[in-house]
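Down below is the structure, laid out as structure tokens.
Below, chains carry the letters A, B, ... as their sequence lines are ordered, and counting in each starts from 1.
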2 protein chains.
Amino acid sequence: MKGKATSFDIAHLAGVSQSTVSRALRDSPLVKQETIDKVKAIAHQLNYKVDKHASSLRSQQSHTLALLFFEDPTTDDSLINPFFFAMLASITQACAKQGYDLLVSFQQLSNDWHADYEDSHKADGIILLGYGDDIESQPKLAQLKQQGTRFIRWGPESDTGLSISCDNRLGGYQATSHLIERGHQRIAFVGNASKHYPEFFDRYQGYVSALLEHQLAVEPALQQDAITTEDAGYQSTKQLLQGDAEFTALFAASDLIAIGAIKAIKEAGLKVPGDIAVIGFDDIPIASYTSPALSTIRQDTKLAGEVLVTTLLSLIKEEPVESITIATNIVVRSST
Amino acid sequence: MKGKATSFDIAHLAGVSQSTVSRALRDSPLVKQETIDKVKAIAHQLNYKVDKHASSLRSQQSHTLALLFFEDPTTDDSLINPFFFAMLASITQACAKQGYDLLVSFQQLSNDWHADYEDSHKADGIILLGYGDDIESQPKLAQLKQQGTRFIRWGPESDTGLSISCDNRLGGYQATSHLIERGHQRIAFVGNASKHYPEFFDRYQGYVSALLEHQLAVEPALQQDAITTEDAGYQSTKQLLQGDAEFTALFAASDLIAIGAIKAIKEAGLKVPGDIAVIGFDDIPIASYTSPALSTIRQDTKLAGEVLVTTLLSLIKEEPVESITIATNIVVRSST
DNA sequence: CTGAAAGCGCTTACAG
DNA sequence: CTGAAAGCGCTTACAG
């Protein structure tokens, strides 16, 4: 036998038809157990594997999922938010568990970033991951949906399509409540708080609700926009520090922002948490190594990856599905 | 037009045969430029994409590469060395640049971890990434090679197959020389120094050569085994600290080990770098956030990913290829 | 420069 | 329970 074995080779050796081999390999109830056993034994012996391209072409489904990262084109493309690596690992594992392959792309959203995938039948569905301007990506999502692509997004629920998200509002509430419990009354919020960045906006909402619950005023001067980079956190905090509004604690909308904030605070000759307590969001690996170690809100990436994959699979099978929100937990370390 | 457009739809609209469409789409010199333009215009208009499964099945090549992580089964599977994420990002980008897709798998090496890939025609070649016991993985690699699978490995050159690696020996030499220049004479090495972990062993060789070059003795008591985890670094350093051999500097075979080492040193009531200077290897993102910020040896992951992909592609095209070694650079921060 | 035809290796009605 | 046959959507000799 030269080259890869085919189902015909097995059929020949097993003394059955190729159709029967195909059925036996997939445990069809139509085939006698005895035949199944015989076929499988020979297949194993020949180190035979079903040719995915042939079966995908014929059955019109590929048993692979695509993972697309979309980020603001402005961010340095060599720097991916570490948070997404945790998601990637968990998504990969969840795919493997379901017998699906995972195609990964970090490409930034080009004009037909979507087209390259499902359209070309490479994947049965798409998982979308990324922090980016939500308002800008909506039209693309709408287009995806309109052309019948199965996809699921990590992020807050929106009009377009299915999404899985952590409970950002709860997280924001937990972070802020923790700060209030520590005796802080003037708490700054660093991160975009607009519909452009709904995840941050939800975290901000949680911040506001915790403040109000404790009869504390929400001061616009204590909120400063920042996208999720260390540098943005650094710049924004510097501005906050130079402003008139005083504060003894700072809630950063992401760990990366928090790290930049701590840098700015230290540069101003202040101590964390002595002068200003800082809490982040995400619990990226770096968080436990910063000095001081960063208190933060943990998102359950392990669960998130699983839910993302299983829900997308349900969508593909046309089972009923719904957007899901996953609870967050606070991780208290030394920065608060 | 319902469903996805096929090359026949285009042929019909363009008034040419389907064969011509297929050729035109791939810029065949056999086709008149005018025809090419017309065909492409219609294809674009229909949002047509070549069906990858059909073309792969026919041409017997998939234009996708597979990335396999193999790690010691003993390590916690949720924790992947951050260093590999940088590699992953760069490999993904390099693949995209070459027009190849990337299939990712974190699965641990099962009995037929290899078979699932190339055998099933899903990928044209495999990139192997991971720290694991080298002696144990050799037989599997040999099997891969024997069955004609195209693959490339990140790691020191070995008998089995092609590999790309950073110059571990040079890195070890740079790290140790740096410590010596800082006035240290008694330098510990934490990391496995055996053929089981050839990357570490090479770093150790570099350490030895720097020592010898400066007429310093190589003391076995100053070397302590550790695999590449924070915990291993912590435990090994603790043992070293409790031993009789004194040292004022420590070269950790990886950043993760270095972080564990710093923890152990601090716990012993000693200062870094005051009492013991520490240098790591890898330059993972965390390295610049530890306290003190970690001096380390940087591996050029950007270049590594590109070389890995382009060399594998050359191998697939049966062009002449050879294993390549990439130079390392020292990054001096506050821990030395 | 273009077209008609074969065939990649499967899955799945259809017929028995 | 099994087999003969069609066909998924391409690429590529072969013929002109």
Side-chain angles (χ1 to χ4, degrees), chain A residues 1-40 42-43 46-64 99 101 118-124, chain B residues 1-40 42-43 46-64 99 101 118-124:
Chain A
M1 190 99 37
K2 27 190 359 179
K4 312 276 179 188
T6 72
S7 51
F8 282 95
D9 297 324
I10 298 175
H12 182 73
L13 289 173
V16 296
S17 74
Q18 182 268 340
S19 334
T20 300
V21 170
S22 175
R23 291 194 190 96
L25 256 16
R26 280 168 303 116
D27 289 307
S28 163
L30 290 174
V31 180
K32 201 162 45 172
Q33 190 57 47
E34 195 190 322
T35 314
I36 294 186
D37 293 342
K38 186 167 58 178
V39 165
K40 285 197 170 175
I42 295 173
L46 295 185
N47 195 21
Y48 170 82
K49 301 282 165 186
V50 173
D51 183 306
K52 287 280 179 179
H53 296 305
S55 78
S56 299
L57 176 58
R58 178 57 231 248
S59 64
Q60 296 294 60
Q61 50 166 301
S62 62
H63 270 258
T64 102
D101 285 320
E118 229 241 358
D119 273 352
S120 52
H121 291 267
K122 281 188 286 193
D124 297 330
Chain B
M1 190 98 39
K2 25 190 3 181
K4 311 277 178 188
T6 71
S7 52
F8 281 95
D9 297 324
I10 298 175
H12 182 73
L13 289 172
V16 296
S17 73
Q18 181 267 341
S19 334
T20 300
V21 171
S22 175
R23 292 194 190 95
L25 258 14
R26 280 168 303 117
D27 288 306
S28 162
L30 290 174
V31 180
K32 202 163 42 171
Q33 189 58 46
E34 196 189 322
T35 313
I36 293 186
D37 294 341
K38 185 167 58 176
V39 166
K40 285 196 172 177
I42 295 174
L46 295 185
N47 195 22
Y48 168 84
K49 301 284 164 183
V50 173
D51 183 307
K52 287 281 179 177
H53 297 306
S55 77
S56 299
L57 175 59
R58 179 55 232 246
S59 64
Q60 298 292 60
Q61 51 168 301
S62 63
H63 271 259
T64 104
D101 285 321
E118 229 240 0
D119 272 352
S120 51
H121 292 267
K122 283 189 285 192
D124 296 331

Legend entry - Euclidean distance, atom NE2 of residue B:His12 to atom P of C:dA4 [Å, nearest integer]: 14 Å
Legend entry - For atom CG of B:Leu57 and atom C1' of D:dG7, their distance in whole Å: 12 Å
Inset, instruction - Before accepting this row, confirm whether a basic side-chain N of the pair B:Lys32/B:Asp37 lies closer than 4.0 Å to the acidic partner's carboxylate O. - result: no
Legend entry - Spacing between B:Lys32 atom NZ and C:dC1 atom P, to the nearest angstrom: 8 Å
Inset, instruction - Would you mind building the protein contact string for nucleotides 10-16 of chain C? One character per nucleotide, 5' to 3', B for base within reach (heavy atoms under 4.0 Å), S for sugar-phosphate only, - for untouched. - result: BBBB---
Inset, instruction - Starting from C1' on C:dC8, measure out to NZ on B:Lys52 and report it in whole angstrom. - result: 17 Å
Inset, instruction - Give a yes-or-no answer on whether the side chains of B:Arg23 and B:Ser19 include a donor-acceptor pair shorter than 3.5 Å. - result: no
Inset, instruction - Searching all strands shown, indicate the nucleotide that pairs with D:dC1 (Watson-Crick or G-U wobble; both distances under 3.5 Å). - result: C:dG16
Legend entry - Spacing of A:Ile10 atom CD1 relative to C:dG9 atom C1', expressed in whole Å: 12 Å
Inset, instruction - Run the salt-bridge test on B:Asp27 and B:Lys40 with the 4.0 Å N-O cut-off and return the result as yes or no. - result: yes
Legend entry - CG-OG1 distance between A:Leu30 and A:Thr35, expressed to the nearest 0.5 angstrom: 11.5 Å
Legend entry - Euclidean distance, A:Thr6 OG1 relative to A:Lys49 NZ, rounded to 0.5 Å: 15.5 Å
Inset, instruction - Using a cut-off of strictly less than 4.0 Å, decide whether B:Gln60 has a side-chain nitrogen or oxygen near OP1 or OP2 of C:dG7. - result: no
Inset, instruction - Can you measure from OG (B:Ser28) to CD1 (B:Ile36) and round to the nearest 0.5 angstrom? - result: 7.0 Å
